[in-house]
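Below: one structure, written as structure tokens.
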Amino acid sequence: ERWSRRIHPDDVGRFRRAGAQLVDAPGDAPDFDVEYRILTVDSRWLWVLQRGRVTRREPRSERPLEAAGICIDIDARKRAEVEVHENESRLATALWGAQAAFWQFHIPSDTATRSPLWFAMTGYSREAWDSIPQPWMARLHPDDRTEVERRIAEHIEGRSQSLELRYRMRCADGEWKWMMDRGRVVEWDFDGRAIRAIGVSLDIDGQMRAELELRSSEARLEAAVWGAGVGLYELDCPSGVTRW
């Protein structure tokens, strides 16, 4: 009890349950194996791993009489785990805020894993998406494939620092949707060959359709002006600058 009073309040319940199992279990008691924080003499919380087992029993009743074990300082490992978890939480929040779908690509096996947002964007379930070979390339718009393959090869071969792709993807409803991928290779083998790439996918369909419509309307205006043989001017009133 003196020891348990120094254990972090969030961990003491787990410590006591493991101790009760060790003492109360008939026959072969389970091993004692608990990670928890203990208060040190300099008033800081130290992560430890405590392991032990029953070493002596009462001959007739098999009641545990004695246990032995070890305590291991695991503070550095646990703090690293907590930091990784916090970083992953921040990343997940940032991706959610940016409406960006995370992906990672294992280059030698030509396989990719994608976050749930990717499937929400394209309307596929994981099972439907993986139902055909090379699911991403197979659903890429034919007119975009050559440029996409060129840019991917350029980056994997080390001729560009990062990867940025704009392409159309066939969604589950049969419609084409404009997407943008940003990523880079993050792991290489000992021979310098790319092993793994990570990145994000963004839904840019509305933006791209607006840009294409703007280009189309500008082209129509230019054709009309040329056909009518008229000139246009634009006057910026505050500055007095005229553009002919």
Side-chain angles (χ1 to χ4, degrees), residues 1-97 100-120 125-127 129-130 183-191 193-200:
E1 279 302 308
R2 284 200 306 273
W3 183 260
S4 64
R5 282 199 295 271
R6 291 182 174 272
I7 295 175
H8 194 286
D10 293 345
D11 305 332
V12 70
R14 186 166 63 252
F15 175 83
R16 284 181 170 149
R17 284 192 298 273
Q21 281 186 322
L22 192 70
V23 173
D24 298 337
D28 292 332
D31 290 344
F32 187 91
D33 194 328
V34 182
E35 295 179 354
Y36 57 88
R37 286 158 288 185
I38 193 81
L39 188 64
T40 65
V41 70
D42 55 352
S43 299
R44 64 186 181 89
W45 293 111
L46 179 79
W47 276 100
V48 296
L49 167 62
Q50 184 170 341
R51 283 180 174 158
R53 60 180 49 172
V54 173
T55 55
R56 188 163 64 91
R57 296 179 180 276
E58 196 173 68
R60 292 184 179 179
S61 67
E62 288 290 311
R63 184 171 65 88
L65 296 178
E66 196 172 83
I70 58 173
C71 274
I72 304 171
D73 179 347
I74 59 168
D75 196 63
R77 173 174 69 81
K78 288 298 291 187
R79 292 187 185 280
E81 288 178 4
V82 169
E83 185 176 353
V84 167
H85 178 71
E86 289 176 350
N87 287 340
E88 288 176 346
S89 297
R90 287 194 289 267
L91 174 61
T93 302
L95 292 174
W96 172 81
F102 178 79
W103 52 262
Q104 55 181 332
F105 180 51
H106 186 252
I107 297 163
S109 62
D110 194 27
T111 56
T113 56
R114 301 179 182 277
S115 68
L117 185 55
W118 166 266
F119 300 103
S125 65
R126 289 184 187 272
E127 294 74 20
W129 176 258
D130 291 328
R184 60 176 179 169
V185 173
V186 295
E187 186 180 335
W188 297 262
D189 64 15
F190 289 113
D191 297 320
R193 291 187 292 264
I195 295 294
R196 187 167 62 97
I198 62 173
V200 295

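Each residue takes its place number in the sequence, starting with 1.
Once rounded to the nearest 0.5 Å, the distance linking CD1 of I195 with CZ of F105 reads 11.5 Å. How far CD of E1 is from CZ of R6: 13.5 Å, rounded to the nearest 0.5 Å. D33 contributes atom CG, which lies 11.5 Å from atom CG of L22 (distance to the nearest 0.5 angstrom). For the atom pair OG1 of T113 and CD of Q104, the computed distance is 4.0 Å after rounding to the nearest 0.5 Å.
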I'd like to know whether I38 forms a side chain to side chain contact (heavy atoms under 4.5 Å, CB included) with W3, so could you lay out the CA-CA distance, the side-chain angles of the two residues, the decisive distance to 0.1 Å, and finally the verdict. CA-CA 9 Å; I38 193 81; W3 183 260; 3.9 Å; yes

Applying side chain to side chain contact (heavy atoms under 4.5 Å, CB included) to W118 and W103, what does each step give before you reach the verdict? CA-CA 8 Å; W118 166 266; W103 52 262; 5.8 Å; no

For V185 and R196, what are the C-alpha separation, side-chain angles and deciding distance, and is it a side chain to side chain contact (heavy atoms under 4.5 Å, CB included)? CA-CA 6 Å; V185 173; R196 187 167 62 97; over 6 Å; no

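With sequence neighbours excluded, no residue forms a ring pair (Phe, Tyr, Trp, His ring centres under 6.0 Å) with W188. Scored by the side-chain contact (heavy atoms from CB on, under 4.5 Å) test, I74 finds E35, W47, L49, I72, R77, K78 as partners (sequence neighbours excluded). Taking the side chain to side chain donor-acceptor pair (under 3.5 Å) definition, one finds that R184 meets it with nothing, sequence neighbours left out. With sequence neighbours excluded, the residues satisfying ring pair (Phe, Tyr, Trp, His ring centres under 6.0 Å) with H8 are W45. Qualifying side chain to side chain donor-acceptor pair (under 3.5 Å) partners for T111, counting only residues two or more places apart in sequence or in other chains: S109.
The side-chain heavy atoms of D10 and R37, taken from C-beta on, include a pair separated by under 4.5 Å. Looking at heavy atoms from C-beta onward, F102 lies in side-chain contact with I198 at the 4.5 angstrom threshold.
One N or O on the side chain of D189 and one on the backbone of D191 form a donor-acceptor pair closer than 3.5 Å. Side-chain N or O atoms of R114 include none that pairs as donor or acceptor with a backbone N or O of R126 at under 3.5 Å.
Across every non-hydrogen atom of S4 and V12, the tightest pair is O-CG2, 3.6 Å. Counting all heavy atoms, side chain and backbone alike, A194 lies closest to P108 at O-CD, 4.3 Å. Annotation for L65 and R57: closest pair CD1-C, 3.7 Å, computed over non-hydrogen atoms.
Note on residues 38-48: pairs passing salt bridge (Lys or Arg N to Asp or Glu O under 4.0 Å), not counting sequence neighbours, are D42-R44.
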